[in-house]
*Asks:* 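The structure under discussion is supplied below as structure tokens; questions concerning it will follow.
Convention: sequence-line order gives letters A, B, ...; per-chain numbering from 1.
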There are 2 protein chains.
Amino acid sequence: MHFGDQLAHAIAKTGPLCVGLDPHSGRIPALFGEGLPGVEAFFMAVLDRLAGKASIIKPQIAFFERHGPDGLALMARLCAHAKTRKLLVLMDAKRGDIGSTASAYAAAYLGPNAWVWCDAITVNPYMGMDTLEPFLSVADDNDKGVIVLVRTSNPGAADFEDLMIEKNTLYQHIAQTLAPFARERKGPQSGWSSLMVVVGATAPHEAQRLRHILPHSPFLVPGYGAQGGSAKDAVIAARDGQGVVVNSSRGVLYPQNADQATTLKDWETLFDAALARTHKDIMRALEG
Amino acid sequence: MHFGDQLAHAIAKTGPLCVGLDPHSGRIPALFGEGLPGVEAFFMAVLDRLAGKASIIKPQIAFFERHGPDGLALMARLCAHAKTRKLLVLMDAKRGDIGSTASAYAAAYLGPNAWVWCDAITVNPYMGMDTLEPFLSVADDNDKGVIVLVRTSNPGAADFEDLMIEKNTLYQHIAQTLAPFARERKGPQSGWSSLMVVVGATAPHEAQRLRHILPHSPFLVPGYGAQGGSAKDAVIAARDGQGVVVNSSRGVLYPQNADQATTLKDWETLFDAALARTHKDIMRALEG
């Protein structure tokens, strides 16, 4: 099924919540064990508890890559497990390079012989459209998605993304350049494109303007919660409950006192409550 | 030793030639074997033949990442071998992400517990200075370098990098923003900064202007040879034979007929000739 339609189905099922897999050292409860085996046991438990609340996950590859080949092999096992759980996997890798190199990245993550299962990957547009096209091409052939950084959620986004190019900001200019590519990639069932964009929850007004430029692109929205964006800000670009994917990592993964849990049952109670609270916060904003 | 000084020493020893490690499938001579073991045997042989001609290598991580954890473990073995050969390793990874994530990447590649040996890493500036600072900070603490994409060598560089921000292009604006960070990081012996920038050989006029903006930053120059940049264009920003690192991948690695070599001796002859020819081409441009 077309990636845009898969995403729309996932959002229709459990809403826009996407759980970010960010293994911060020192925050994983000791009951799951130490080191990489502890990370793996923890995230396997997380994946097993998302049903009914979240159908999308976003592994942050940097935190696995930090541990080299062993960390990445672990991440691949998590993604394979996520697939059996019918979760959509958005790989947060922010890759980008010239033609033949971009083709290697595209094959690595989106191709039929990818080393890790994922449904879409984040990419960086700085080097130009010829660096994005290999990703789009491999994605098209394999019902995958491409998620282009447009307006990120960090304070430094103002440094370059917000620079004025005549009457538009750089990120608006990039969005305009992406628009025809997004339009060509609308899902036959949902109308949502397989070309997504990253638009931070910390920039709600910018998100509204970007929705006009990119009416068919689902927005991947970081910055909700820990980075200061409200649920209302995070879903501001939604249309009929669709078209936004709101990421929460720390708020769901590491609820208060959960690191002190001494039994799996205690941890599950705290985790389930944090997940339900986050899910409800976003659904209420979406419906309100 | 400060990275800027290490780089200046390397250039003083054998000139600005940097050999890119790009394992293109189908171009590695069959005599080295099939699959990943063939890739490893080939590049180990390459590393053993660089003495006197090149002291710098640039692994393109995408081509190893294409093969997942096994490919990356192989790359780590190559980098460890390069270190024993006293080669400087510039990791071409083009990473970039928000604060805590950038810190994970910085630790992965430049920190004391990095999973792979490298002396510097390429990074993408699109998301702003707060995404570069974690790399600079870890680099400073460990005598490593950071190489920021400024003006790349691909045709698509014109899409966004060349956009006008008032009277400057985006890439010039980024260079101006980097300038004080580069100035703070000059090597005590050489005066060359540990903050490098990528400036393609396909943009020689742009390189001259960038040299004025960034007088202390060594330029990593892709695009020489296969992408159409001449040796003269590639070294245009050099000062007294210093301050440029000229990458050649395919031109050195895959000389004509070398894939047909049936004995190691035959391959060595063809490889040595291509390496010497490339080295001479760049040295002549530098001296002329």
Side-chain angles (χ1 to χ4, degrees), chain A residues 22 24 60 62-73 76 92 94-105 107-109 111 113-116 124-133 149 152-166 170 173-174 177 222-223 227, chain B residues 22 24 60 62-73 76 92 94-105 107-109 111 113-116 124-133 149 152-166 170 173-174 177 222-223 227:
Chain A
D22 292 12
H24 284 285
Q60 172 46 263
F63 294 117
F64 299 94
E65 198 169 322
R66 168 71 191 89
H67 301 283
D70 292 345
L72 292 168
D92 199 355
K94 300 187 175 69
R95 299 302 194 247
D97 212 306
I98 63 167
S100 62
T101 309
S103 295
Y105 279 129
Y109 293 95
N113 299 310
W115 65 270
V116 57
N124 187 312
Y126 179 68
M127 294 172 66
M129 290 308 295
D130 59 354
T131 68
L132 302 184
E133 282 161 10
L149 297 181
T152 57
S153 57
N154 56 313
D159 291 342
F160 308 129
E161 296 175 20
D162 286 357
L163 289 174
M164 295 304 293
I165 314 286
E166 293 181 356
L170 171 61
H173 184 93
I174 291 176
T177 308
Q227 288 176 53
Chain B
D22 292 13
H24 284 284
Q60 172 46 263
F63 294 116
F64 298 94
E65 198 169 323
R66 167 71 192 89
H67 301 283
D70 292 345
L72 292 168
D92 199 356
K94 300 188 175 70
R95 300 301 194 249
D97 212 306
I98 64 167
S100 62
T101 309
S103 294
Y105 279 129
Y109 293 95
N113 298 310
W115 65 270
V116 57
N124 186 313
Y126 179 68
M127 294 173 67
M129 289 308 296
D130 59 353
T131 68
L132 302 184
E133 282 161 9
L149 297 181
T152 57
S153 57
N154 56 313
D159 292 343
F160 308 129
E161 296 175 19
D162 286 356
L163 289 173
M164 295 303 293
I165 314 286
E166 293 180 357
L170 171 60
H173 184 93
I174 291 175
T177 308
Q227 288 176 54

*Asks:* Sort B:M164 into side chain, backbone, both or neither according to what part of it lies under 4.5 angstrom from a heavy atom of chain A.
*Replies:*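 Contact with chain A is through the backbone of B:M164 alone.
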*Asks:* Which region of B:D70, side chain (C-beta onward) or backbone (N, CA, C, O), has a non-hydrogen atom less than 4.5 Å from a non-hydrogen atom of chain A, or is it both or neither?
*Replies:*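 Neither part.
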*Asks:* A side-chain contact here means heavy atoms from C-beta on lying under 4.5 Å apart; do A:I174 and B:Y126 qualify?
*Replies:*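 Yes, their side chains come closer than 4.5 Å.
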*Asks:* Pick from A:L132, A:D159, A:D22: which one has the most heavy-atom pairs with chain B under 4.5 Å?
*Replies:* A:D159
*Asks:* Can you tell which of B:A157, B:P125, B:G99, B:A76 has the highest number of heavy-atom pairs within less than 4.5 Å of chain A?
*Replies:* B:P125
*Asks:* Minimum heavy-atom separation for A:A73 to B:P69, with atom names?
*Replies:* N-CG, 3.6 Å
*Asks:* Whether the side chain of A:N154 engages the backbone of B:I98 through a donor-acceptor N/O pair (distance < 3.5 Å, no angle test) should be reported.
*Replies:*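 Such a contact is absent between A:N154 side chain and B:I98 backbone.
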*Asks:* Which atoms form the tightest heavy-atom contact between A:A62 and B:A104, and what is the distance?
*Replies:*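 Nearest heavy atoms, A:A62 then B:A104: O-CB, 3.9 Å.
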*Asks:* So for B:S100, is it side chain, backbone, both, or neither that comes closer than 4.5 Å to the heavy atoms of chain A?
*Replies:*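 Both the backbone and the side chain of B:S100 come within 4.5 Å of chain A.
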*Asks:* Are B:E161 and A:M127 side-chain neighbours, meaning at least one heavy-atom pair lies under 4.5 Å?
*Replies:*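 The answer is yes; the side chains approach within 4.5 Å.
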*Asks:* If you look at every heavy atom in A:D130 and B:P155, which pair is closest and at what distance?
*Replies:* OD2-CD, 3.4 Å
*Asks:* Is B:Q60 close to chain A through its backbone or its side chain, or both, or neither, when contacts mean heavy atoms under 4.5 Å?
*Replies:*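 B:Q60 touches chain A through side-chain heavy atoms alone.
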*Asks:* So for B:T177, is it side chain, backbone, both, or neither that comes closer than 4.5 Å to the heavy atoms of chain A?
*Replies:*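 Side chain of B:T177 only, per the 4.5 Å heavy-atom cut-off to chain A.
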*Asks:* Checking B:P222 against chain A: side chain, backbone, both or neither under 4.5 Å from a heavy atom?
*Replies:* neither
*Asks:* What part of A:D162 lies closer than 4.5 angstrom to a heavy atom of chain B: side chain, backbone, both or neither?
*Replies:* neither
*Asks:* Indicate the atoms forming the closest heavy-atom contact of A:A107 with B:R66, along with that distance.
*Replies:* CB-NE, 3.3 Å
*Asks:* Using the rule side chain to side chain contact (heavy atoms under 4.5 Å, CB included), only one of A:N124, A:T101, A:D97, A:T131 pairs with B:K94; which is it?
*Replies:*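 Testing B:K94 for a side chain to side chain contact (heavy atoms under 4.5 Å, CB included) against A:N124, A:T101, A:D97, A:T131 leaves exactly one candidate, A:D97.
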*Asks:* Kindly say whether A:E65 contributes a backbone atom to a donor-acceptor pair with the side chain of B:W115 at under 3.5 angstrom?
*Replies:* yes
